[in-house]
Amino acid sequence: MSPLGTVNESSKLGWRGLIEEYRAFLPVRPDTKVISLGEGATPLIYARHLSELKSANVYLKFEGANPTGSFKDRGMTLAITKAIEAGSKAVVCASTGNTSASAAAYATAADVSCIVLIPAGYIALGKLAQALIYGAKVVQIRGNFDKALEIVRELGETKPVTVVNSINPYRIEGQKTGAFEVVDQLGFAPDYHFIPVGNAGNITAYWKGYNEYVSAGKCDTLPKMIGVQAAGAAPIVLGHPVENPDTIATAIRIGNPASWKGALLAKSESGGDIFSVTDSEILFAYRMLAKSESVFCEPASASSVAGLIKTDITPGSSVVCVLTGHGLKDPDTAISQIEVPNAVDATIEAISEAIFL
Ligand code: F0G
């Protein structure tokens, strides 16, 4: 049996988790005990309909295929690995849901305790279930994500706990491997990289990853980074914090992003953009992705595609949209977007009638 928090060599047909695969680019020592659940190596799916719509080659980086169903696992494997190396016995995070699910899983893999602060009433059901079933101490606060992060920063300074939000630089280091994989899968860097922006850690991480891959001679060009915020939670677009952010995409319901500067840098250095999409544009992209591309992601993830739909891109370009989390995390939103059929008798006649044969 493998020791705790390690991955069997045969996992994902030889994939050993992103720390082992990208060791040369990450701050680990030869003797570092790696905590991994086999994260990374997520599919880069060619999007037939979007490619046709935009006269381009559009790919979807489906991060919902990570062990806890979101891109957070990329940062968490390293953040927890380094926390253990530093002798930490407990980790803490604020979360709109995915970070808490990931932190809880990796903390369990490392045998340390995990405390998560989440905004009561604004967490998708699947994410809450994950954090609880992985065994985290979950505190639901009457307040939003920004307030929770403020308190977590203070806990990190005053209590013996390691903060594993993306203000922890190891989170960004781990997440930059998403850019490495895109280049390794495509064979080059795309012309455009669309990405949802909430706390802005991921856009910062991808930009770092692409730049490091150019420096290492793994690709020759850099993509234009296009960050997409939800219209009701678009502080970077507006240029000031938003006191009461609001969007159906609860994962990015954030009014004062921690990595604001990193996002602006990615935009300006890459010649990209950061703009917003409405909730109805997000939901349109969300339904379209499932129905036309066979990819079920969560609403926040669909904002990258909602952004692409609105953008004039040069025909023939290569485009990557990151789909940050799995659709199963948020069953309530899915159900609200579809008509659930009533039960019928188990007879050929009743079933034929139901399907209009
Ligand atoms: N998409 C999903 C599904 C997310 O969960 C998040 C962030 C983002 C996009 C935005 O990424 O914050 O790096 O700009 N979720 C965090 C959480 C805040 O607590 O799970 P970002």
Side-chain angles (χ1 to χ4, degrees), residues 42 61-66 68-76 79 92-105 116-119 122-124 126-128 130-131 136 138 141 144-149 152 163-168 171-172 174-176 178 194-209 225-230 233-236 245 247-264 266-267 274 277 282 285-286 296-307 321-330 333:
T42 56
K61 182 69 172 155
F62 185 46
E63 291 290 277
N66 275 301
T68 77
S70 87
F71 73 98
K72 303 289 179 179
D73 296 346
R74 292 186 183 278
M76 210 53 77
V92 66
C93 67
S95 182
T96 57
N98 282 324
T99 300
S100 65
S102 187
V116 307
L117 267 62
I118 55 176
Y122 291 94
I123 295 289
K127 303 175 189 179
L128 181 60
Q130 284 181 291
V138 175
I141 66 156
N144 61 25
F145 170 85
D146 303 292
K147 185 68 198 169
L149 185 57
V152 161
V163 176
V164 292
N165 279 103
S166 56
I167 53 175
N168 177 330
R171 281 277 313 279
I172 305 290
Q175 284 172 211
K176 76 186 180 189
F194 285 78
I195 184 165
V197 174
N199 212 23
N202 213 26
I203 189 171
T204 305
Y206 266 91
W207 184 235
K208 189 167 196 284
M225 299 296 294
I226 316 286
V228 187
Q229 297 205 288
I236 300 177
T247 167
I248 186 149
T250 52
I252 51 172
R253 187 175 167 272
I254 294 174
N256 192 11
S259 297
W260 194 316
K261 280 194 193 133
L264 288 180
K267 170 190 159 172
I274 298 179
V277 291
I282 291 173
Y286 169 76
F296 184 29
C297 64
E298 64 172 287
S301 308
S303 63
S304 60
V305 168
C321 295
V322 181
L323 300 181
T324 44
H326 204 292
L328 290 172
K329 294 215 173 225
D330 189 355
T333 300

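The first residue of the sequence shown is numbered 1, and numbering continues consecutively from there. Every number for a ligand or one of its atoms is a count from 1 in the order of the listing. Hydrogens, waters and symmetry mates are skipped; everything else that's a heavy atom, side chains included, is used.
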**Student:** How far is atom 12 (O) of ligand 1 from its nearest protein heavy atom, and which residue and atom is that?
**Tutor:**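 For this ligand atom, the closest protein heavy atom is Asn199 N, 2.7 Å.
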**Student:** Out of Glu63, Gln229, Glu298, Lys72, indicate the one that has the non-hydrogen atom closest to atom 15 (N) of ligand 1.
**Tutor:** Lys72
**Student:** Are Ile236 and Val197 packed together at the side-chain level, in the sense that at least one heavy-atom pair is separated by less than 4.5 angstrom?
**Tutor:**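 Sidechains of Val197 and Ile236: in contact.
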**Student:** Mind checking whether Ile252 contacts ligand 1 via backbone (N, CA, C, O), side chain (CB onward), both or neither, at a 4.0 Å heavy-atom cut-off?
**Tutor:** side chain
**Student:** Starting from atom 13 (O) of ligand 1, locate the nearest protein heavy atom and write down its residue, its atom name and how far away it is, to 0.1 Å.
**Tutor:**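 Here the nearest protein heavy atom works out to Asn202 N, 2.8 Å.
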**Student:** Which one holds for Ala251 and ligand 1: side chain close, backbone close, both close, or neither close, with close meaning a heavy atom under 4.0 Å?
**Tutor:**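 Both of them.
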**Student:** Can you name the nearest heavy-atom pair linking Gly178 to Lys61, along with the distance?
**Tutor:** O-CE, 4.2 Å
**Student:** Quick one: does Ile254 get a heavy atom under 4.0 Å from ligand 1?
**Tutor:**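 Checking ligand 1 against Ile254, which is what was asked, there is a heavy-atom contact under 4.0 Å.
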**Student:** Of all the non-hydrogen atoms in the protein, which one sits nearest to atom 11 (O) of ligand 1, and at what distance?
**Tutor:** Phe71 CZ, 3.5 Å
**Student:** I'd like to know if Glu63 pairs up with Arg74 as an ion pair, taking the criterion as any Lys NZ or Arg NE/NH1/NH2 lying under 4.0 Å from an Asp or Glu carboxylate oxygen.
**Tutor:** yes
**Student:** Mind checking whether Gly198 has an N or O less than 3.5 Å away from an N or O of ligand 1?
**Tutor:** yes
**Student:** Which protein non-hydrogen atom lies closest to atom 1 (N) of ligand 1, naming both residue and atom, and how far is it?
**Tutor:** Thr324 OG1, 2.6 Å
**Student:** Could you check atom 5 (O) of ligand 1 against the protein and tell me its nearest heavy-atom contact, residue, atom and distance included?
**Tutor:** Asn98 ND2, 2.8 Å
**Student:** With a 4.0 Å cut-off on heavy atoms, is Ser166 in contact with ligand 1?
**Tutor:**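 Distance cut 4.0 Å: Ser166 fails for ligand 1.
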